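Worksheet: the structure to be examined is printed underneath.
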Amino acid sequence: MSTGTVRDAAFEVLRRTGMTTIFGNPGSTEIPLLAGLPEDLRFVLALHEGSVVGMATGWALAGRGPALTVLHTTAGLGNAVSAIATARVNRAPLVVLVGQQDRRHLALEPFLAGRLHGLAGEYPVWTDQPVRAQDVPGAIARAAHEAVTGRGPAIVIVPMDDWSAPWDGTVEAAPAAVLRPAAVADEEIAPLAALLAQAEDPVLVAGAGADSPAGWAALTELAERLGCPVWQEAFGARAGFPQDHPQFAGVLPADRGGQRRALKGHDVVLAVGAPVFRHYPYDPGPLVEPGTRIAVVSDDPAEVHRSPAELAVLADPAAVCARLARLIPAARRRREVAGPDRRAVPPPAPGAPLRAVHVLQELARRLPPETVVIEEAPSSRADLHRLLPARRPLGFLSAAMGGLGFALPAAAGLRMALPERPVVAVVGDGSAIYGIQALWSAAHYRIGALIVVLANGRYAIMDRLAERHAGGPGAARVPWPAFPEVSLSAMARSFGCPAIRIDTHDRLVAVLDEIVPDLASRTEPLLLDIGVAPDAEFHP
């Protein structure tokens, strides 16, 4: 390593680790790092820290390796905590550099000094404030490794004067490369193979951890070998199995009672890349009917360790399923799978309002199989799952944490990283408001994502949940008002993003016919502000 400054050495680490795109919303403590940034390092500005981390999350989930973000001391990190939590639960490897006041007077707690260690709680997979300025480059390199291995955000806190400190080739406390072999030996999965071989009527539950080309191929081979149904985990952030496959049964109900009914009759349940199991709301009773045995395969230690399963395998799901498909005998019979109800609904009658299902149905008729669909429309999620099956790996994405504000920035980051794939975010207007600042970044950097806003002028999911809590439609008086005066198309245009307001089915069809064929080649974002009537029912 050549001599120079800590900043120079850190830039070499960024180049070596591939983190040459920097997502940020900087403040004064980051000026020493970013002023005069070398031309081979790209800086992407977002107008809120939630958008910064959301865009980086989309970039990382596209498989481009760890994504780099820069945040401004307490305010920046504090504003980003929810997005950092989402990145952790979505298994997105991020390196988060957080600026700190000058090291030389931190003891006096000067203006903009932050109590940063622990501010993001337990959501980072690793946090460090290097003891010496000369340890910063090594800390960044280690953070990249920690983020990839831990599948989440790794934070490095850097006082602003560290960047100009001299660098004399001090040893970096991180390896140049980390190899992560994923192969599994037959004898290590022999108990799981025996469990499946003995099963009379097994069933698979696929989760976000199986969402990769290798994961889809291996899980498909295993499912066909077993001749069994495959359910998608409830509240899954990604699809772990091709949802247009004849053995796909649908999304597992999110309550224990519904889950027991869905899995009834199966003697073995194998969850792959998913915990056992995610629920909302609370429902008493066991997870499955008595006599049903549960196993889990995941490479997420926390997911494995908290799952109440008879047998758990902590390993790469694709590698395990590929070997299982070769170790177990073929099924003697194939169970018939009804699959999701994808029947079309008629268009609205003349003068009747659009509903979300009409919009989703018209999208489903036009979107190509390689489209990445990002969902943040909670009251319409069930219809989206039913009508827009994921047909390619990374075909579906949502915020696993459940907080709002993910879809718009994630769509921008994904489209930046995957310019060859159409990217469509389907969001409610209430959800879109949380991440609206991302539209400026999408417009400024000419990111061709399509944003479909289902605008019902209220938090419909909250209305439906309140009604369920009170005992039925119309039974709940809620303190939160509707917001029909909010115009997402006007907000989009104010950020420089083109927008179209749609209020009729004929207009919807005409606009989609015009824009969908060119989604893959779009070079600017577009927001469709579609007025829809609130859904009367909610099915989690």
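Small disclaimer: the values here were computed from a predicted structure and weren't measured. Note that these values count all heavy atoms, side chains included, but never hydrogens, waters or copies made by symmetry.
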Legend entry - Residue pair H266 / E200, side-chain donor-acceptor N/O under 3.5 Å: no

Legend entry - Verdict with supporting geometry, D186 and L327, side chain to side chain contact (heavy atoms under 4.5 Å, CB included): CA-CA 8 Å; D186 291 354; L327 291 174; 3.8 Å; yes

Inset, instruction - Kindly state whether the ring of H279 and the ring of F235 have centres lying under 6.0 angstrom apart. - result: no

Legend entry - Ionic contact status for E375 with R381, cut-off 4.0 Å: yes

Inset, instruction - Could you tell me whether the side chain of N90 and the main chain of A399 form a donor-acceptor pair under 3.5 Å? - result: no

Legend entry - R392/E370 salt bridge by N-O under 4.0 Å criterion: no

Inset, instruction - Using modelled atom types only, decide if a donor and an acceptor are shared between the side chain of R335 and the backbone of C228 within a distance under 3.5 Å. - result: no

Inset, instruction - Output yes when a side-chain donor or acceptor of R88 lies under 3.5 Å from a complementary backbone atom of P93, and no otherwise. - result: no

Legend entry - Validation row: I189, R323 side chains within 4.5 angstrom (heavy atoms): yes

Quiz: residues 118-127 side-chain donor-acceptor pairs under 3.5 angstrom, not counting sequence neighbours:
none

Legend entry - Residues R256, D283: salt bridge by 4.0 Å N-O rule: no

Legend entry - Salt bridge flag under 4.0 Å for residues R142 and D128: no

Inset, instruction - Would you mind reporting whether L204 and L226 have side-chain heavy atoms less than 4.5 Å apart? - result: yes

Inset, instruction - Answer yes or no: is there a side-chain heavy-atom contact under 4.5 Å between V296 and P275? - result: no

Legend entry - Spatial distance of atom CZ (F406) from atom OG1 (T57) [nearest 0.5 Å]: 6.0 Å

Legend entry - 4.5 Å side-chain heavy-atom contact, V357 and L387: yes

Inset, instruction - Go through V297 and L270 one step at a time and tell me if the side chain to side chain contact (heavy atoms under 4.5 Å, CB included) criterion holds. - result: CA-CA 8 Å; V297 175; L270 173 60; 3.9 Å; yes

Inset, instruction - State whether the side chain of Q259 and the backbone N or O of L287 hold a donor-acceptor pair below 3.5 Å, judged by distance alone. - result: yes

Inset, instruction - Give a yes or no on whether the backbone of A390 and the side-chain of Q243 come within a donor-acceptor separation of less than 3.5 Å. - result: yes

Legend entry - Distance (rounded to the nearest 0.5 Å) between L195 CG and R293 CZ: 5.0 Å

Legend entry - Salt bridge present between R91 and E303 (N-O < 4.0 angstrom): yes

Legend entry - Side-chain heavy atoms of L397 within contact of L414, under 4.5 Å: yes

Inset, instruction - Check V53 against A80 and note the closest heavy-atom contact, atom names and distance. - result: CG2-CB, 3.8 Å

Legend entry - Whether H145 side chain and P175 backbone form a donor-acceptor pair below 3.5 Å: yes

Legend entry - Under-4.0 Å salt bridge between R15 and D40: yes

Inset, instruction - Give a yes or no on whether the backbone of P229 and the side-chain of Q247 come within a donor-acceptor separation of less than 3.5 Å. - result: no

Legend entry - Spacing of CD1 belonging to I155 relative to CD1 belonging to I84, to within rounding of 0.5 Å: 4.5 Å

Inset, instruction - Could you grab the distance from atom CG of D518 to atom CG of L526, nearest 0.5 Å is fine? - result: 11.5 Å

Legend entry - side chain to side chain contact (heavy atoms under 4.5 Å, CB included) assessment of V423 paired with T371: CA-CA 6 Å; V423 174; T371 303; over 6 Å; no

Inset, instruction - Indicate yes or no for a side-chain donor-acceptor contact from S298 to the backbone of D300 under 3.5 Å, with no hydrogens or angles considered. - result: yes

Inset, instruction - Could you grab the distance from atom CD of E146 to atom OG1 of T149, nearest 0.5 Å is fine? - result: 6.5 Å

Inset, instruction - Could you tell me whether R355 and D383 make a salt bridge, using a distance below 4.0 angstrom between a side-chain N and a carboxylate O? - result: no

Legend entry - Euclidean distance, S431 OG relative to L404 CG, rounded to 0.5 Å: 4.0 Å

Legend entry - Note, M19 side chain near V95 side chain (heavy atom, < 4.5 Å): yes

Inset, instruction - Determine whether more than 12 heavy atoms belonging to other residues, nucleotides or ligands lie under 6.0 Å from atom CZ of R180. - result: yes

Legend entry - Side chains of M55 and S441 in contact at under 4.5 Å (non-hydrogen atoms): yes

Inset, instruction - Step through the shown structure and confirm whether more than 12 heavy atoms of other residues, nucleotides or ligands are within 6.0 Å of CD on E420. - result: yes

Legend entry - Listed partners of P340 passing side-chain contact (heavy atoms from CB on, under 4.5 Å), at least two apart: F248, R342

Inset, instruction - State plainly whether the residues R16 and E172 are in salt-bridge range, i.e. N to O under 4.0 Å. - result: yes

Legend entry - Heavy-atom donor-acceptor pair, W216 side chain to A239 backbone, under 3.5 Å: yes

Legend entry - Evaluation steps, side chain to side chain contact (heavy atoms under 4.5 Å, CB included), between V320 and L192: CA-CA 10 Å; V320 171; L192 181 56; 4.2 Å; yes

Legend entry - Validation row: P130, V156 side chains within 4.5 angstrom (heavy atoms): yes

